[in-house]
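Okay, so here's the structure we're looking at.
Bear in mind the structure is a predicted one, so any value in this text is a computation, not a measurement. Only this structure's heavy atoms are used, side chains among them; waters, hydrogens and symmetry mates stay out.
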Amino acid sequence: MQQFSETLNSYPPCFRQKNTHHLSDQLSDNNPKPDPLPSIDLQQINLTILNEACTDWGIFWLVNHDIPASLLSELHEHAVKVFELGFEYKQALFESIPSSVMSYFWGTPAITPAGEALALKKNQGTVNYNWVEGLNIPFSQPSMVDCVDHQLIREFRRLLESYRVHLERVSKSIFGAMLQNLEMSQDNECYLSPSTGHLRVYRYPRCCFDNPPKVWGMEVHTDSSVVTILNQFEVGGLQIHSSKDNTWVDAKPVPDTLLVHLGDMMQAISNDKYKSVKHRVLVNREKERFSIGYFVFPSDDCVISTPNYKPFTYPDFRAQVQHDVKTLGLKVGLSRFRVNGDF
C-alpha cells in the first residue's frame with residue numbers, strides 16, 4: 001500500500017485516487033470480441049493478406065520485425081522510471097529540457113508541433129481529461145541531448161533514437177508494400193517522410209475513482225499519420241472498432257509483436273481504399289498501462305491529391321485539426337477535406 005501511495009505522487013493531481021472501492025461501471029469493456037486481427041510477417045509480406053488487412057481493418061499485427069527484444073525491454077524499464085518521477089518534479093524537469101529532446105504532457109493526447117498540450121475543452125465548467133500522461137519525442141531536428149543534465153533522460157533519448165532507426169526501416173517496408181497493392185509508383189516517396197517521424201511514450205494511470213470524471217485513457221479517434229507503429233507493454237486496454245459489425249475488439253498485447261495502424265493520411269493517399277482505423281484505450285482497474293507509438297507523415301510540401309479529396313498538405317490538415325480541437329473540443333479530420341464533404 002505504501003508503494004502505491006508513492007506512485008500516486010507521480011500522477012497529475014486530478015488522477016490521484018480517493019476511493020479504491022466500488023469501481024465505476026463506465027470502466028467496463030462492453031464485451032468486445034476475441035482478437036481477429038490479421039498478422040503480417042515483415043520478412044515475407046503476403047500482399048494479398050496485407051491488402052485485406054488494410055481494406056477491412058486498417059490495422060494488423062506485425063511479426064518478425066527484427067527489433068531486438070533487449071531494446072524493447074530497456075525502453076519499457078526507462079519509461080517506467082521516467083514516469084515514476086514525482087509529478088511536480090517532472091513538470092519542472094521538462095520545462096528545463098528543449099522540446100526537441102522530449103516534452104511532457106498529460107490529460108490530453110492532442111499537442112502542438114512544439115510539443116505543448118493543447119488547452120483542454122471545458123464543458124459547462126468541467127474539464128474533461130483523458131486518463132493519460134505522455135512524452136513527445138520529435139526527430140525532425142538535432143535533439144541536443146548532450147545539453148541535458150539529467151542522466152535518465154539522456155539514456156532514454158538515446159534508446160529512443162536506436163528504436164527510431166528500426167521503425168523507419170519497418171515503416172518504409174510496409175509503405176512500399178502498400179504502394180504495390182495500390183499500383184502506385186514508388187516515386188511517391190514524399191507520402192512517407194522519415195524526417196517527420198516522432199515517438200509518443202504513454203502511461204495510463206490506474207483509475208479507481210468512484211464515478212470518475214473521466215475514464216478513457218483515450219477516447220475514440222483515428223490517427224492523423226500515414227502509419228502508426230505501436231508497441232504495447234504487457235497491459236492491455238487498446239480496442240479497435242470493427243466497421244463490419246459495429247463492435248469493439250480487444251487488441252491485447254502479444255509478446256514480440258507490434259501493431260501497425262493506418263492513419264488519416266494513408267486513407268486519403270489511397271482515395272479511401274484503405275481505412276484509418278478508429279480505436280480507443282480503456283483505463284485498467286489494477287495496473288498501469290505503458291505503450292510507445294511511432295507516427296510518420298508525408299513531407300510538409302507533399303500535396304495529397306486524389307479524386308475524393310481537395311488537394312491538401314499534412315500541415316494544412318494538422319492546422320485544421322488543431323483549430324477544431326481548440327474550438328470544438330474534438331478532431332473532425334478528413335471530412336474537412338472531402339470534395340463532397342459537409343464542411
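- Here Tyr191 contributes atom OH and Met184 contributes atom CE; the two are 5.0 Å apart, rounded to the nearest 0.5 Å.
- Within 6.0 Å of CD on Gln43 lie more than 12 heavy atoms contributed by other residues, nucleotides or ligands.
- With a 4.5 Å cut-off on side-chain heavy atoms, Phe139 and Pro194 do not count as touching.
- Within a 6.0 Å radius of NZ in Lys331, other residues, nucleotides and ligands contribute more than 12 heavy atoms.
- Heavy atoms only, all atoms of each residue included: Met266 and Val226 are closest at CB-O, 3.2 Å.
- Between the OG atom of Ser99 and the CE atom of Met144 there is a distance of 7.5 Å, given to the nearest 0.5 Å.
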(Q) Checking Gln91 against Glu95 for the side-chain hydrogen bond (donor to acceptor under 3.5 Å, both in side chains) test, could you report, in this order, the C-alpha distance in whole Å, the side-chain angles of both residues, the deciding distance, and whether it holds? (A) CA-CA 6 Å; Gln91 283 192 308; Glu95 285 176 0; 5.8 Å; no
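- With His221 as the partner, the ring pair (Phe, Tyr, Trp, His ring centres under 6.0 Å) test is satisfied by one option alone out of His261, His241, His279: His279.
- Tyr104 contributes atom OH, which lies 11.5 Å from atom CD1 of Ile153 (distance to the nearest 0.5 angstrom).
- Taking the six-membered ring for Trp, Tyr294 and His198 have ring centres at least 6.0 Å apart.
- The structure places CG of Leu50 at 12.0 Å from CG of Asp41, a figure rounded to the nearest 0.5 Å.
- Residues Cys302 and Phe297 fail the side-chain proximity criterion, which asks for heavy atoms closer than 4.5 Å.
- Between Arg200 and Ile292, every side-chain heavy-atom pair lies at or beyond the 4.5 Å cut-off.
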Please output the side-chain donor-acceptor pairs of residues 163-173 that fall under 3.5 Å, not counting sequence neighbours, one pair per line with the distance.
residue : atom : partner : partner atom : Å
Arg164  : NH2  : Glu161  : OE1          : 2.8
His166  : ND1  : Arg169  : NH2          : 3.2
Arg169  : NH1  : His65   : O            : 3.0
Arg169  : NH2  : His65   : O            : 2.8
Ser171  : OG   : Leu167  : O            : 3.1
Ser171  : OG   : Glu168  : O            : 3.0
Ser173  : OG   : Arg169  : O            : 3.2

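- Within the 4.5 Å cutoff, side-chain heavy atoms of Asn181 are placed close to those of Tyr274.
- Side-chain contact between Lys275 and Asp56: absent, with no pair of heavy atoms (C-beta onward) separated by less than 4.5 Å.
- Two residues are said to be in side-chain contact when any heavy atoms from C-beta on lie closer than 4.5 Å; Ile40 and Val63 fail this criterion.
- Partner Leu135 forms a side chain to side chain contact (heavy atoms under 4.5 Å, CB included) with one of Tyr202, Phe94, Phe105 and no other, that one being Phe94.
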(Q) Let's go through Val227 and Leu262 carefully: what are the C-alpha distance in whole Å and the side-chain angles of both, what is the deciding distance for side-chain contact (heavy atoms from CB on, under 4.5 Å) to 0.1 Å, and is it a yes or a no? (A) CA-CA 5 Å; Val227 295; Leu262 304 194; 4.0 Å; yes
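- Heavy-atom minimum distance, Ala268 versus Ile304: CB-CG2, 4.0 Å.
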Q: Step by step, work out the side-chain contact (heavy atoms from CB on, under 4.5 Å) result for Trp248 and Ile240.
A: CA-CA 6 Å; Trp248 288 94; Ile240 308 304; 5.6 Å; no
Q) Run the salt bridge (charged side-chain N to carboxylate O under 4.0 Å, His left out) check on Asp149 and Arg154 step by step: do they pass? A) CA-CA 8 Å; Asp149 292 331; Arg154 284 202 310 273; 5.5 Å; no
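- Here the side chains of Leu93 and Leu85 are in contact, with some heavy-atom distance below 4.5 Å.
- Of the possible donor and acceptor atoms, none in the side chain of Asp223 sits under 3.5 Å from a partner among the backbone N and O of Ser225.
- Checked by atom type and distance alone, the side chain of Asp316 pairs as donor or acceptor with a backbone atom of Thr313 at under 3.5 Å.
- The closest donor-acceptor contact from the side chain of His78 to the backbone of Glu74 lies under 3.5 Å.
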Q. Going through the distances and angles, do Asp272 and Arg338 end up as a side-chain contact (heavy atoms from CB on, under 4.5 Å)?
A. CA-CA 11 Å; Asp272 296 329; Arg338 288 191 182 279; 2.8 Å; yes
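- Taking the six-membered ring for Trp and the full ring otherwise, the centers of Phe337 and Phe317 sit less than 6.0 Å from each other.
- Note on Val303: it does not cluster hydrophobically with Phe312, by side-chain heavy-atom contacts below 4.5 Å among ILVMFWY residues.
- Gln267 places a side-chain N or O within 3.5 Å of a backbone atom of Ser276 that can act as its donor or acceptor partner.
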Q: List the steps, then state whether side-chain hydrogen bond (donor to acceptor under 3.5 Å, both in side chains) holds for Ser73 with Ser70.
A: CA-CA 5 Å; Ser73 177; Ser70 58; over 6 Å; no
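- Under the 6.0 Å cut-off for aromatic ring centres, Trp131 and Tyr204 do not qualify, their centroids lying 6.0 Å or more apart.
- A donor-acceptor contact shorter than 3.5 Å links the side chain of Lys90 to the backbone of Phe83.
- The two atoms that bring Ala69 and Asp256 nearest to each other are CB-OD1, 4.1 Å, heavy atoms only.
- At distances below 3.5 Å, at least one donor-acceptor pair connects side-chain atoms of Asn271 with backbone N or O atoms of Asn308.
- Using a distance-only test at 3.5 Å, with no hydrogens or angles considered, a donor-acceptor pair links the side chain of Thr257 to the main chain of Pro255.
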Q: Applying side-chain contact (heavy atoms from CB on, under 4.5 Å), run through Leu47 and Gln180 and close with a yes or a no.
A: CA-CA 8 Å; Leu47 293 179; Gln180 281 185 260; 3.8 Å; yes
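- Thr196 contributes a side-chain N or O that, together with a main-chain N or O of Ser193, makes up a donor-acceptor pair within less than 3.5 Å.
- Asn9 is not listed as a side-chain neighbour of Phe87, based on a closest heavy-atom distance of 4.5 Å or more.
- The main-chain N or O of Asn51 is found under 3.5 Å from a side-chain atom of Thr55 such that the two form a donor-acceptor pair.
- Looking only at distances, no side-chain donor or acceptor of Asn284 sits under 3.5 Å from a matching main-chain atom of Val235.
- Here CD1 of Ile269 is found 12.0 Å from OG of Ser305. Values are rounded to the nearest 0.5 Å.
- In this structure, Arg280 forms no cation-pi arrangement with Trp216, as its terminal cationic atom is not both closer than 6.0 Å to the ring centre and no more than 45° off the ring axis.
- In terms of heavy-atom proximity, Val339 sits nearest to Pro307 at CG2-O, 3.4 Å.
- For the atom pair CD (Glu234) and OG (Ser291), the distance works out to 12.5 Å, reported to the nearest 0.5 Å.
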